[in-house]
Amino acid sequence: MKVFNTLTKKKEEFVPLEEGKVRMYVCGPTVYNYIHIGNARPMIVFDTVRRYFEYKGYDVNYVSNFTDVDDKIIKKAIEEQVSAQEISQRYIAECKKDMAGMNVKPATKHPLATEEICGMVEMISELIEKGYAYESQGDVYFRVEKSHNYAKLANKTLEDLELGASGRTDEETARKENPVDFALWKAAKPGEISWDSPWGAGRPGWHIECSVMSTEILGDTIDIHGGGADLEFPHHTNEIAQSEAKTGQTFANYWMHNGFVNIDDVKMSKSLGNFITVHDALKTIDGQVLRFFFATQHYRKPINFTEKAVHDAATNLKYLKNTYEQPFTGQADSDQLQAFLDKFTAAMDEDFNAANGITVVFELAKWINSGNYTAEVKEAFAKL
């Protein structure tokens with residue numbers, strides 16, 4: 001099985017840390033509103049990856065977090081005059097409903113940032129002790145220049161980043177030793193949710209939470225870390241820097257990133273107002289159709305969400321459902337069936353190419369509808 005590793009920019013043979021088992025962490029959403037279809041893509045992509053590992057007999061420990069403390073959550077709470085916890089709990093519940101609507105399996109564990117504050121404080125303290133971080137006016141920052149191969153994941157260099165940040169003059173930059181250093185802990189502002197720490201009341205930076213949750217639940221090194229392409233920099237870049245600074249170990253052996261979602265050939269963006277929430281989409285689109293639509297394009301490529309593309313996905317999925325609902329009584333050649341299964345495996349083993357895998361499923365459906373109806377065939381069809 002080959003996996004495209006974003007870190008090395010090439011396909012590599014998948015070799016798990018532990019035979020027959022996969023440790024996998026996927027960054028989840030920040031829960032300040034309904035998730036949009038851009039959030040839905042990684043959920044569906046990595047659920048498919050997980051399911052394929054399970055299809056092949058692996059035991060998958062799949063962890064995906066909810067970021068339940070963040071500037072956007074705090075802003076929403078202030079606007080509605082409720083607590084940040086009320087906002088996050090509301091939209092975690094809505095997110096889980098949307099995930100169920102798209103047939104996305106719950107993760108083995110869905111940790112919350114607010115439940116891991118102690119672990120974050122401990123990790124930050126250790127990074128300070130090792131000289132990788134420093135306190136400044138109640139904030140704590142990571143010394144990026146001490147990180148080995150910083151930003152390699154995003155194909156950037158520290159020199160380029162420092163050059164780009166050299167003109168910054170804002171208040172936070174003035175507190176940093178280097179403009180590219182990133183926050184591990186943020187001093188509390190009046191009225192904000194906060195926790196006690198050795199540096200005063202405050203809350204964790206965004207990047208530290210995933211490092212803590214991944215290492216505490218899955219270990220210092222994991223097999224796969226995944227998320228959307230927008231997370232390569234700075235989020236995943238900073239996760240690598242701080243995690244490896246703390247543990248001295250490789251953080252993740254394989255990095256996987258899915259492509260963006262475009263709406264009618266335009267990149268989906270809240271600033272453009274062309275984003276679609278899953279909550280609204282599921283009012284008119286069957287969740288299985290939405291899931292099937294995302295599988296029609298290789299996960300690493302951008303996908304274009306259009307009315308026609310979704311309609312085509314609905315039509316094609318209906319054909320597969322109708323095939324499955326036929327009375328499976330008759331005979332079939334087991335060798336021919338096995339040939340389809342082998343072809344499907346070959347497609348999926350090539351960096352989880354679900355688009356090619358679905359092509360094989362349609363070929364199998366055509367063969368079934370030509371008169372090959374047996375219980376064995378139906379079971380195999382269902383698994384694919």
Side-chain angles (χ1 to χ4, degrees), residues 1-4 11 13-16 19-22 24 41 43-60 62 99-106 224 256 258 285-301 303 308-384:
M1 183 190 296
K2 288 188 170 63
V3 178
F4 184 87
K11 289 181 186 176
E13 191 69 29
F14 178 73
V15 180
E19 188 174 351
K21 296 185 178 181
V22 178
M24 188 172 171
R41 191 175 192 195
M43 290 177 179
I44 291 168
V45 162
F46 292 105
D47 183 59
T48 303
V49 169
R50 172 196 188 174
R51 287 172 183 264
Y52 184 63
F53 273 124
E54 291 173 342
Y55 172 83
K56 295 201 74 171
Y58 285 91
D59 176 18
V60 183
Y62 182 94
M99 289 168 66
M102 298 181 294
N103 197 25
V104 172
K105 291 168 64 173
I224 294 173
M256 295 177 64
N258 63 271
I285 303 169
D286 184 282
Q288 283 288 74
V289 170
L290 186 61
R291 182 186 181 106
F292 189 79
F293 159 74
F294 278 122
T296 59
Q297 177 67 285
H298 190 279
Y299 77 87
R300 284 193 285 116
K301 296 179 180 178
I303 192 165
K308 182 182 184 303
V310 173
H311 179 266
D312 289 346
T315 301
N316 291 332
L317 183 59
K318 186 175 181 181
Y319 172 74
L320 295 180
K321 283 186 174 181
N322 288 343
T323 299
Y324 182 75
E325 289 166 3
Q326 297 294 322
F328 277 72
T329 55
Q331 294 182 337
D333 187 321
S334 292
D335 290 340
Q336 281 186 284
L337 174 61
Q338 189 59 49
F340 284 113
L341 300 181
D342 292 344
K343 192 174 180 182
F344 175 83
T345 299
M348 291 295 289
D349 276 356
E350 196 63 32
D351 194 30
F352 306 97
N353 196 327
N356 287 352
I358 283 174
T359 298
V360 179
V361 174
F362 273 101
E363 291 172 358
L364 175 59
K366 185 177 179 181
W367 178 73
I368 291 170
N369 288 323
S370 68
N372 295 284
Y373 301 106
T374 68
E376 180 190 21
V377 169
K378 184 172 187 176
E379 182 184 358
F381 188 54
K383 283 182 178 179
L384 301 200

Got a second to check how far [X]'s [atom1] is from [Y]'s [atom2], nearest 0.5 Å?
{"X": "F53", "Y": "K21", "atom1": "CZ", "atom2": "NZ", "result": "15.0 Å"}
{"X": "R51", "Y": "Y62", "atom1": "CZ", "atom2": "OH", "result": "10.5 Å"}
{"X": "T359", "Y": "L364", "atom1": "OG1", "atom2": "CG", "result": "12.5 Å"}
{"X": "F46", "Y": "N258", "atom1": "CZ", "atom2": "CG", "result": "5.5 Å"}

Heavy atoms only: give me the nearest [X]-[Y] pair and the separation to one decimal.
{"X": "K105", "Y": "E54", "answer": "NZ-OE1, 2.7 Å"}
{"X": "Q326", "Y": "N369", "answer": "CG-OD1, 4.1 Å"}
{"X": "R50", "Y": "P106", "answer": "NH1-O, 2.8 Å"}
{"X": "A380", "Y": "L341", "answer": "CB-CD2, 4.0 Å"}
{"X": "I358", "Y": "A295", "answer": "CD1-CB, 3.5 Å"}
{"X": "I224", "Y": "M256", "answer": "CG2-SD, 3.8 Å"}

**OP:** Spell out, as yes or no, whether a donor-acceptor pair under 3.5 Å connects the side chain of R291 to the backbone of N103.
**Re:** yes
**OP:** Kindly check if the number of other-residue, nucleotide or ligand heavy atoms within 6.0 Å of CD (E13) is above 12?
**Re:** yes
Subject >> Residues, nucleotides or ligands: over 12 heavy atoms within 6.0 Å of K318 NZ >> reply: no
Subject >> Heavy-atom side-chain contact between L320 and F292 under 4.5 Å >> reply: yes
Original post:
Yes or no on side chain to side chain contact (heavy atoms under 4.5 Å, CB included) for F14 and V22, after CA distance, side-chain angles and deciding distance?
Top reply: CA-CA 10 Å; F14 178 73; V22 178; 4.0 Å; yes
Original post:
Is there a side chain to side chain contact (heavy atoms under 4.5 Å, CB included) between T323 and Y319 once you walk through the steps?
Top reply: CA-CA 6 Å; T323 299; Y319 172 74; 4.1 Å; yes
Subject >> Residues in side chain to side chain contact (heavy atoms under 4.5 Å, CB included) contact with Y324, at least two apart in sequence or another chain >> reply: K378, F381, A382
Original post:
Does the side chain of N372 come under 3.5 Å of the side chain of S370 through a donor N or O and an acceptor N or O?
Top reply: yes
Original post:
Taking the inter-plane angle between the rings of Y55 and F344 on a 0 to 90° scale, is it parallel (under 30°), tilted (30 to 60°) or perpendicular (over 60°)?
Top reply: perpendicular
**OP:** Show your reasoning for whether side chain to side chain contact (heavy atoms under 4.5 Å, CB included) applies to V310 and L290.
**Re:** CA-CA 7 Å; V310 173; L290 186 61; 5.6 Å; no
**OP:** Assess whether side chain to side chain contact (heavy atoms under 4.5 Å, CB included) is satisfied between I303 and T296, documenting all intermediate values.
**Re:** CA-CA 9 Å; I303 192 165; T296 59; 4.2 Å; yes
**OP:** If a pair satisfies side-chain hydrogen bond (donor to acceptor under 3.5 Å, both in side chains) and one of its residues is in residues 332-344, list it, with sequence neighbours excluded.
**Re:** S334-E376, Q338-D342, K343-E363
Could you list the donor-acceptor pairs under 3.5 angstrom formed by side chains in residues 346-353, with sequence neighbours left out?
residue, atom, partner, partner atom, Å
D349, OD1, Y52, OH, 2.8
D349, OD1, K56, NZ, 3.0
D349, OD2, K56, NZ, 3.1
E350, OE2, K11, NZ, 3.0
D351, OD1, F4, N, 3.0
D351, OD1, Y299, OH, 2.6
D351, OD2, Y299, OH, 3.2
D351, OD2, R300, NE, 2.8
D351, OD2, R300, NH2, 3.3
N353, OD1, A355, N, 3.4
N353, OD1, N356, N, 3.1

